[in-house]
Amino acid sequence: SCTALGGVVTATVRTLDDPEAIESALAELASAADLVVSSGGASVGERDWLRAVLERRGPLTFWKVNLRPGNPVALGRIGEVPIIVLPGNPGSVAACTHVFVARAIRSLAGRDPEPLGVPAGLAEDVAGDSQRTVVHPVFLDNGRARPAAVRSSQVLSNALGADGWVIVPPGGLGAGEVVTVELDT
């Protein structure tokens, strides 16, 4: 969670699915925060407004990364405040929170942005994507990392309670390989 990473949640806002309402909410949040995190509206649908709002308000540092789940994540700024736009699917939100948001919060809190990592042998193969890096939740058990049975970025329940994440390069990882499990703290 945000507080476990050293952050303080100062506000949460739900907006209408309207570019002006989104822009107004982001500007208000950015005026009183060091970091703004949004979920949903980062992809290419006809109602995915966040990228366009960020391009209009300030620099859009990046949009879309070679990551699964979480390809349509975005980073922009309103003034000096970074705005991280997460995808809308729960599994993508969890993975991108680990990869992007947690590092940002730790950095803003004056801590090392990199997560604590522990070595573990993979209990089984982790299928990779042929071209994208995969962020895969795992459970630790006596020095072994057991991959969660992830079915879709829309489903988070089978990864709940995972101990950490393994960054899987394109092509995947084999059972027995020693990996670094990135912890969420």
Side-chain angles (χ1 to χ4, degrees), residues 1-117 129 131-137 152-154 156 159 164-165 167-170 182-185:
S1 84
C2 213
T3 53
L5 294 164
V8 176
V9 177
T10 59
T12 58
V13 175
R14 294 183 81 169
T15 67
L16 298 173
D17 197 6
D18 169 81
E20 288 76 29
I22 293 167
E23 186 170 356
S24 175
L26 287 177
E28 182 178 331
L29 290 167
S31 72
D34 297 318
L35 172 69
V36 175
V37 178
S38 176
S39 175
S43 196
V44 294
E46 64 184 47
R47 293 195 169 271
D48 288 329
W49 304 109
L50 278 154
R51 180 175 51 103
V53 167
L54 287 176
E55 286 176 328
R56 188 169 55 238
R57 286 300 302 243
L60 181 66
T61 305
F62 67 79
W63 174 64
K64 286 191 166 186
V65 293
N66 206 17
L67 187 69
R68 194 184 96 204
N71 173 264
V73 67
L75 174 66
R77 288 188 177 275
I78 293 182
E80 295 299 313
V81 177
I83 312 291
I84 299 175
V85 181
L86 303 174
N89 285 332
S92 298
V93 168
C96 288
T97 295
H98 172 73
V99 173
F100 299 104
V101 177
R103 283 170 168 84
I105 291 171
R106 283 191 293 267
S107 181
L108 288 167
R111 296 173 46 206
D112 182 350
E114 292 305 312
L116 178 63
D129 187 281
Q131 299 186 8
R132 290 190 273 181
T133 298
V134 174
V135 181
H136 200 97
S152 160
S153 65
Q154 297 174 349
L156 187 58
W165 301 85
I167 308 302
V168 182
E182 295 183 354
L183 305 177
D184 277 329
T185 57

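- The nearest pair of heavy atoms linking Ala21 to Thr15 is O-CG2, 4.0 Å.
- Of all heavy-atom pairs between Gly88 and Ser39, the closest is CA-OG, 4.2 Å.
- Taking CG from Asn66 and CG from Asn71, the interatomic distance works out to 7.5 Å, rounded to the nearest 0.5 Å.
- The two residues Pro115 and Arg103 make their nearest non-hydrogen contact at CD-NH2, 3.3 Å.
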>> Between Ile78 and Val36, is the side-chain contact (heavy atoms from CB on, under 4.5 Å) condition met? List the steps.
In response: CA-CA 9 Å; Ile78 293 182; Val36 175; over 6 Å; no
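- Put simply, the side chain of Asp184 never gets that close to the backbone of Gly164: no donor and acceptor are under 3.5 Å apart.
- Side-chain contact check for Phe100 versus Val65: some heavy-atom pair is nearer than 4.5 Å.
- Residues Leu86 and Ser92 fail the side-chain proximity criterion, which asks for heavy atoms closer than 4.5 Å.
- Residue-environment remark: CD (Glu28) stays at or below the threshold of 12 foreign heavy atoms within 6.0 Å.
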>> Could you walk me through whether Leu50 and Leu26 satisfy the side-chain contact (heavy atoms from CB on, under 4.5 Å) test, starting with their C-alpha distance in whole Å, then the side-chain angles of each, then the deciding distance to 0.1 Å, before giving a yes or no?
In response: CA-CA 9 Å; Leu50 278 154; Leu26 287 177; 3.5 Å; yes
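- Asn89 contributes no side-chain N or O that, together with a main-chain N or O of Gly91, makes up a donor-acceptor pair within less than 3.5 Å.
- Here the shortest heavy-atom pairing between Gly70 and Pro87 reads CA-CG, 3.8 Å.
- In this structure, Trp63 and Ala74 approach most closely via the heavy-atom pair CD1-CB, 3.8 Å.
- Put simply, the residue from Val81, Leu29, Ile84 that forms a side chain to side chain contact (heavy atoms under 4.5 Å, CB included) with Leu35 is Ile84.
- Atoms CG and CD, on Asp18 and Glu23 in that order, are 10.0 Å from each other to the nearest 0.5 Å.
- Note that SG of Cys2 and CD1 of Ile105 are 3.5 Å apart. Values are rounded to the nearest 0.5 Å.
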>> Before you tell me yes or no, could you show the steps for Leu67 and Val73 under side-chain contact (heavy atoms from CB on, under 4.5 Å), namely the whole-Å CA-CA distance, both residues' side-chain angles and the distance that decides it to 0.1 Å?
In response: CA-CA 9 Å; Leu67 187 69; Val73 67; 5.6 Å; no
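- Residues Leu60 and Arg51 have side chains in contact (heavy-atom distance under 4.5 Å, counting atoms from C-beta outward).
- Nearest heavy atoms, Val85 versus Gly40: CG1-O, 4.0 Å.
- Inter-residue side-chain proximity for Ile167 and Val135 is flagged as met; some heavy-atom pair is nearer than 4.5 Å.
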